[in-house]
Amino acid sequence: MLEIHNLSISFQRNRASFDRETLSVVSDISLSVQPGEIVALIGASGAGKSLVAHALLGLLPANATMSGEFIFKGKRLSPAGIQELRGREIALIPQSVTHLNPLTRVGKQVYRSARLSGRCADTAHTSCDRTFARYQLADTVKSMYPFQISRGMARRVLTATATAGNANLIIADEPTTGLDPEVSEQSLAHLKELATQGKGVVLITHDLENGVQIADTLVVLYEGMTVEITPARALEENDLIMHPYTRSLWQALPRNGFMSLPPTPSSSTLNRNGCLFAERCPQARPGCRQSAPSLRRVNHKLVRCNHVAG
Amino acid sequence: MKTSAIIHSFWLQKVGRLMLTLALVATLAFTLVNLSPVDPVTAYLGMDRMQIGQEQEQLIVARWGLDKGPVERFFLWTGNALKGDLGRSMIFNEPVTEVIAKRFLTSLNLMACAWLLSGIFGFVLGVLSGLYKNSLLDRCIRLYAYTVASTPSFWMGMVLLAIFSVQLGITPISGAYPPGTTSADATMWQHLHHLLLPAATLSVIGIAQIALHTREKMIDAMNSNYALFAMAQGDSRFGVAVHQALRNIALPAITLQFASLGELFGGSVLAEQVFSYPGLGKATVDAGIRGDVPLLLGITLFSAIFVFGGNTVADLLYTKLDPRITNRSEPL
């Protein structure tokens, strides 16, 4: 349904009045989402996953420049053309209740979302009611303000707001952060349900566990680059042919030994000529710091590492 | 029942604060007037003082109670003030309360006009400025606001007078109605005509503060999470401004506007002086210059109540308009 090829995002930053520097924050990210598929974008904070989401929605700040190719339902879109789709074809489930207007009643916000997706007043009301019913939100919730609802309810309201327009591609930004296990489960179950209905879902998370649990495909990001694209079940099947970074994330999970890597060097001192992960990589060799690896196909995965063999 | 208890304690607290404020203001004002070098008798008689004898002067002093000590006079005045008697104005030869009531009504027209104009225009300019941040429009509005914010109101009044009354001759020079008529005779149009320049002076300056404040709030609102989410739903920047941001920034703007009544009052003192507008501000200056102590103290107390009232209205509006405060006591 959606394909992104070679997405790069950079920022212009003013150092002095006429001196500008360009910071490249996301480079060469490619991914594709099929109907009914959940693709998890996994990475630490600062890896660029939220920027990719904002790029998908055409909501990058004004000082950002974006290059790359978007193909949505077989049609090529200019990076700016993607803006036409937001709300109608692409919807965002944001992270927290702060994304709701604090002074507007919940029901009105869901209704407005339905209206913005192009519905007329009548059908917007029906689709608003339908989403409320689907997420087991009582009618009384409609007249509540965002500060009056619980966290679990907030997740459902945000999901309802995002799906009221019946978009085909859903981007979920950190759907489990700061939630207790029960609400987290429920939140992920709702995403799974959307995928079963034939919608494409992009799940943005820093928690590999989330991805393994519900995603079909994992896209692992490191310092703004895709380091690996792999089917999610490959990890559970203990298929160890993977990028050293993915493997370190996997081994850092409590159930897999809780092993962590040395901390990230600051991105300004990062050697951009070689492999970005070389500084922290347990298997780094002298050659890794000289030439940057490109994404290559190993078995049925894409891996950005010169030393992974099939 | 719980809510009514909250409301009860709110008002109790407000009244307590008002009493405390008034007591402090009264004491301070009385002390200052006592320390002032202006002698009420000289100020009252002016050049005539040369022509009256020692006995007559003693008579005036005794009649005004100036022969008593300051502490005794203070308690005498406070006792009367508590009964609602603020004494007689020397220069208007009327009870102080009546002078204030009459003068305040004249000032009210002026202040209400200036307050509404500056509130509405300031808010609109602030919204536009924040929405189109760093555009040419925003730069112009900012330049205007910064310039005007650092302009004294009496100077602005004189500039407007020089342009519109002296050069162009389209507005009257002074007063609240044409000379030779009384307030009752003058038509509404004449009243408005005379109101034009003083109100413009006050609002031209009042706009700056509210516009700059609203601009900051607007920029914050447009960068907020809820604005981002609304745009992700397909709303345009303008749609977000109207449907999401406006309500959020109107609240602090309204509060600010009510809280700025003190500045408005202070500004009107200067503006009324420039335009010889017969309002409370002009009466304040006259009372000060001519040593009309009862009137001066009366106006001081009144202005304290006025400003306090403005702040209280702001508090009340906030609790009524912001659901986060209104519904705080409701269960989940």
Self-check item: Note, A/Thr104 side chain near B/Tyr226 side chain (heavy atom, < 4.5 Å)
Solution: no

Quiz item: For A/Leu57, is it the side chain, the backbone, both or neither that has a heavy atom under 4.5 Å from a heavy atom of chain B?
Solution: side chain

Exercise. Name the member of B/Ala232, B/Ala245, B/Gly239 that forms the most heavy-atom pairs with chain A at distances under 4.5 Å.
Key: B/Ala232

Quiz prompt | OH on A/Tyr145 to CG on B/Asp322, rounded to 0.5 Å | solution = 9.0 Å

Quiz prompt | Part of B/Ala221 within contact of chain A (heavy atom distance under 4.5 Å) | solution = neither

Quiz item: Using non-hydrogen atoms only, which part of A/Leu85 is less than 4.5 Å away from chain B: side chain, backbone, both, or neither?
Solution: neither

Quiz item: Can you check whether A/Asn101 reaches B/Arg247 side chain to side chain, under 4.5 Å on heavy atoms?
Solution: no

Quiz item: Which answer fits B/Leu321, side chain, backbone, both or neither, if we ask what part of it has an atom under 4.5 Å from a heavy atom of chain A?
Solution: neither

Exercise. Look at atom NZ of B/Lys217 and say whether more than 12 heavy atoms of other residues, nucleotides or ligands are closer to it than 6.0 Å.
Key: no

Quiz prompt | A/Lys142, NZ: over 12 other non-hydrogen atoms inside 6.0 angstrom | solution = yes

Exercise. Return the minimal non-hydrogen interatomic distance between B/Gln233 and A/Gln109, and the atom names on each side.
Key: OE1-O, 4.5 Å

Quiz prompt | Shortest non-hydrogen separation from B/Phe229 to A/Leu158 and the atoms involved | solution = CE2-CD2, 4.1 Å

Quiz item: With respect to chain B, which residue among A/Arg88, A/Arg112, A/Gln95, A/Arg115 yields the maximal number of heavy-atom pairs within a distance under 4.5 Å?
Solution: A/Arg112

Quiz item: So which of A/Ala162, A/Ser96, A/Pro102 has the largest heavy-atom pair count under 4.5 angstrom toward chain B?
Solution: A/Pro102

Quiz item: Would the number of heavy atoms belonging to other residues, nucleotides or ligands and lying under 6.0 Å from CZ of A/Phe11 be above 12?
Solution: yes

Self-check item: Beyond-backbone contact of B/Arg324 with A/Leu103, side-chain heavy atoms, under 4.5 angstrom
Solution: yes

Self-check item: Residue list, salt bridge (Lys or Arg N to Asp or Glu O under 4.0 Å) with A/Lys192, at least two apart or on another chain
Solution: none

Self-check item: Residue A/Asp122 excluded, over 12 heavy atoms near CG under 6.0 Å
Solution: no

Exercise. Kindly give the heavy-atom pair with the smallest separation between A/Arg86 and B/Asp235, and that separation in Å.
Key: NH2-O, 4.1 Å

